[in-house]
Amino acid sequence: VSTQSTWGQKMVDLPSLSPSSSQGSDITDKEVKEMYTHVTISAPESIYALEHRRQTAEEKKLIYSVRFEPEDGKLIAIGYSDGTIGVFKTSNVELSNFLAETGGGDEKLPVGCLRWRPKFTMGKERILVSAGVDGIICYWSPLSGKLIASIKPDKKTSDLLCLDYSRDATKLAVGGKKRSILIYDDEKRTLGCKLRHKGQIVNPGHSNRVFSIKFDETGKQLISGSWDMTVKVWDILSGTVARSIFGPEIAGDSVDVCGDMIVTGSHRSKEALQIWSMSMGKLVETIEWNPERHGDSTQIFSTQFEKLGSKFIAACGSGRNEARLFERKPDGKYAFSCGVISLPSACSSLDMSPKENLLAVGCCDGICRIFDRIDKTKKEGTAFPELWGKPQDPQYEIHNRRHSLNQHCKFIMYN
C-alpha cells in the first residue's frame with residue numbers, strides 16, 4: 001500500500017493485486033481488515049463485479065459532492081463540508097490542486113454541489129463550478145487553483161444545494177433552500193430567469209428546498225427534485241411547470257434524466273429507486289434494491305444514469321451504507337448487478353466516469369473510494385477465479401487472505 005501526502009490529504013492507492021509486485025508480502029490480518037472495511041457483492045447471474053482501486057485518506061470533514069471531469073475523466077473533484085475542494089488526477093492518484101473556501105467569511109460553509117463545464121470554450125481550459133451553502137457560485141481553474149469569477153445572487157439567496165449545466169454549456173441552473181431555481185446565461189453570468197412557485201393551483205412550483213436539478217438533452221426543459229415529495233418538469237421558456245411527478249422524497253443529488261426516462265432516488269427504506277416517464281409524468285418501474293430482501297432498500301442520497309447511455313444506473317445512500325449498480329436487461333427492466341455494502345459511514349455522493357468503468361463513492365467519513373466495474377468473464381484463467389496466482393508469487397497469500405476475509409464478511413451478513 002503506497003501513500004502520497006499533500007496539504008494533509010492523502011490518496012491511498014490499492015494495487016490491482018498483480019503478482020508482479022513484491023512489496024507488502026508481510027501484511028497482517030489487522031491491516032487487511034483496516035483496508036477492507038466493506039464487502040463487494042454481485043448478483044449470481046451478473047457478469048460484472050466491483051473492485052476497490054484507490055481511495056482518499058480519512059478526513060475530519062464530510063464529502064458533499066464527487067464529480068469526474070466529463071470529457072475524459074482524468075480529473076476528479078471532491079467538495080467537502082468545510083468549503084474546500086480537492087482536485088485529483090484519476091490515473092496516478094496525485095493531487096492536482098486544492099481550491100480555497102468558497103465563502104469569504106470566517107465561518108466555513110459546505111460545498112453544496114460541483115459541476116464541470118461541459119465544453120472547454122472559456123479560455124480553452126477546464127472550468128469547475130461550485131455552488132456553496134453561502135449562496136455563492138464560483139468558477140475555478142482546477143489546474144492553477146485560481147478563482148476565475150463568482151456570482152453572488154441577491155442577499156435572500158443562500159444555501160445553494162444543487163446545480164447543473166445544459167449540454168451546450170450556455171445555461172447554468174442552481175437551486176437550494178429558497179425553493180426557486182435560478183438559470184444564468186453562463187457566458188455573461190447574468191440571471192436569465194427564475195423558476196418558482198407563482199401561486200398556480202395546477203402544477204405549482206416547489207414548496208420545500210430543492211436538492212437536485214438536471215437539464216434535459218435539449219436544454220429546453222429542466223427537471224427538479226425536492227423534499228416536498230415532488231419532481232417537477234419545467235418549461236424554461238415560459239418559466240412554468242409542464243408536469244409534476246408525485247411520490248419521490250429527494251434529499252440529495254438523486255434525480256437524473258436520459259431521453260424520456262427520469263430516475264429518482266428517494267431517502268426512504270421502501271420503493272426508493274424508481275423510473276418515470278418524463279413526457280407522461282407516470283411511474284414506469286420500481287427497481288428492486290435488494291433481491292435478498294424483497295421490498296427493502298437503502299435511504300438514497302445520490303443516483304444517476306451512466307454517462308453514455310442508460311445501460312447502468314448507480315445509486316448510494318445511508319442505512320446500510322452501500323452503493324449499487326443496476327443493469328438494464330433485454331426486456332427493458334433494471335436488475336441489481338453488483339455493488340459494495342457495509343461501508344463505515346453513509347454514502348453521500350457518487351459519480352461514474354465518462355470513459356473508464358470507474359465508480360467514485362464519497363462517504364461521510366471524508367473518504368472517496370474509487371471502484372472499477374470489471375467483467376468477470378474476462379478475468380485471467382477461469383471465469384473470475386476465486387483464487388489466482390501461484391504459491392511462489394509474493395502477492396499470492398495476500399490476495400487469498402483478502403478474499404477469505406471478504407467471503408467471511410458475506411457469510412456473516414447473509415447468514
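W289 and T298 share no side-chain donor-acceptor pair at under 3.5 Å. A donor-acceptor pair shorter than 3.5 Å can be found between the side chains of T286 and Q274. Between the side chains of D185 and T190, no donor N or O sits under 3.5 Å from an acceptor N or O. Using a 3.5 Å distance cut-off with no hydrogens or angles, the side chains of W140 and S130 do pair a donor with an acceptor.
Figure legend: cation-pi geometry between R324 and F336, with NZ or CZ positioned under 6.0 Å from the six-membered ring centre and within 45° of its axis. By the 6.0 Å and 45° rule, R328 does not stack over the aromatic ring of F312. Within the cation-pi definition used here (under 6.0 Å to the ring centroid, within 45° of the axis), R373 qualifies as a partner of Y48.
Residues L99 and T84 have side chains not in contact (no heavy-atom distance under 4.5 Å, counting atoms from C-beta outward). Counting heavy atoms from C-beta on, the side chains of I63 and C368 come closer than 4.5 Å. At a threshold of 4.5 Å between non-hydrogen side-chain atoms, the residues W276 and T264 count as touching. Side-chain contact between I262 and V255 is present, with heavy atoms from C-beta onward closer than 4.5 Å. Looking at heavy atoms from C-beta onward, Q55 lies out of side-chain contact with F371 at the 4.5 angstrom threshold. Side-chain atoms of L172 and I137, non-hydrogen and from C-beta on, do get closer than 4.5 Å to each other.
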Apply side-chain hydrogen bond (donor to acceptor under 3.5 Å, both in side chains) to D186 and Y139, showing your working.
-> CA-CA 10 Å; D186 189 63; Y139 290 77; 2.6 Å; yes
Would you check, one step at a time, whether the test salt bridge (Lys or Arg N to Asp or Glu O under 4.0 Å) holds for D228 with K232?
-> CA-CA 11 Å; D228 62 7; K232 307 289 185 181; 5.5 Å; no
For H206 and F211, what are the C-alpha separation, side-chain angles and deciding distance, and is it a ring pair (Phe, Tyr, Trp, His ring centres under 6.0 Å)?
-> CA-CA 11 Å; H206 288 296; F211 279 102; over 10 Å; no
Please walk me through it: do K355 and D72 pass salt bridge (Lys or Arg N to Asp or Glu O under 4.0 Å)?
-> CA-CA 6 Å; K355 291 188 176 181; D72 50 25; over 6 Å; no
Can you check side-chain contact (heavy atoms from CB on, under 4.5 Å) on S277 and M261, steps first, answer last?
-> CA-CA 5 Å; S277 168; M261 294 190 299; over 6 Å; no
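The pair R67-D351 meets the salt-bridge criterion, with a side-chain N (NZ, NE, NH1 or NH2) lying under 4.0 Å from an Asp/Glu carboxylate O. Using a cutoff of 4.0 Å between basic side-chain nitrogens and carboxylate oxygens, E69 and K74 are not scored as salt-bridged. Remark: E187 does not engage R189 in a salt bridge, criterion side-chain N to carboxylate O under 4.0 Å.
Nearest heavy atoms, R179 versus N208: CG-O, 3.0 Å. Considering all non-hydrogen atoms of both residues, V340 and L50 come closest at N-CD1, 4.1 Å. Closest approach of W234 and G205 over heavy atoms only: CH2-CA, 3.8 Å. The minimum heavy-atom distance between A173 and L222, with the atom names listed, is CB-CD1, 3.5 Å. Between T303 and S254, the closest heavy-atom pair is CG2-O, 3.2 Å. Residues C138 and L147 come closest through the heavy atom pair CB-CD1, 3.6 Å.
The side chain to side chain donor-acceptor pair (under 3.5 Å) test with K214 singles out one residue from D164, D256, D253, and that residue is D253.
Atoms OG1 and CZ, from T230 and R243 in turn, are 14.0 Å apart once rounded to the nearest 0.5 Å. Atom SG of residue C162 and atom CD1 of residue I250 lie 11.0 Å apart, to the nearest 0.5 angstrom. The OG atom of S269 lies 9.0 Å from the CZ atom of R320; values are rounded to the nearest 0.5 Å.
Atom NZ of K146 has 12 or fewer neighbouring heavy atoms from other residues, nucleotides or ligands inside a 6.0 Å radius. Within a 6.0 Å radius of NZ in K307, more than 12 heavy atoms belonging to other residues, nucleotides or ligands are found.
Between the side chain of K177 and the backbone N or O of L161 there is no donor-acceptor pair closer than 3.5 Å. In this structure, the side chain of R117 engages the main chain of A169 through a donor-acceptor pair within 3.5 Å. Of the possible donor and acceptor atoms, none in the side chain of Q221 sits under 3.5 Å from a partner among the backbone N and O of F215.
H267 and W227 have tilted rings, their planes meeting at an angle from 30° to 60° on a 0 to 90° scale.
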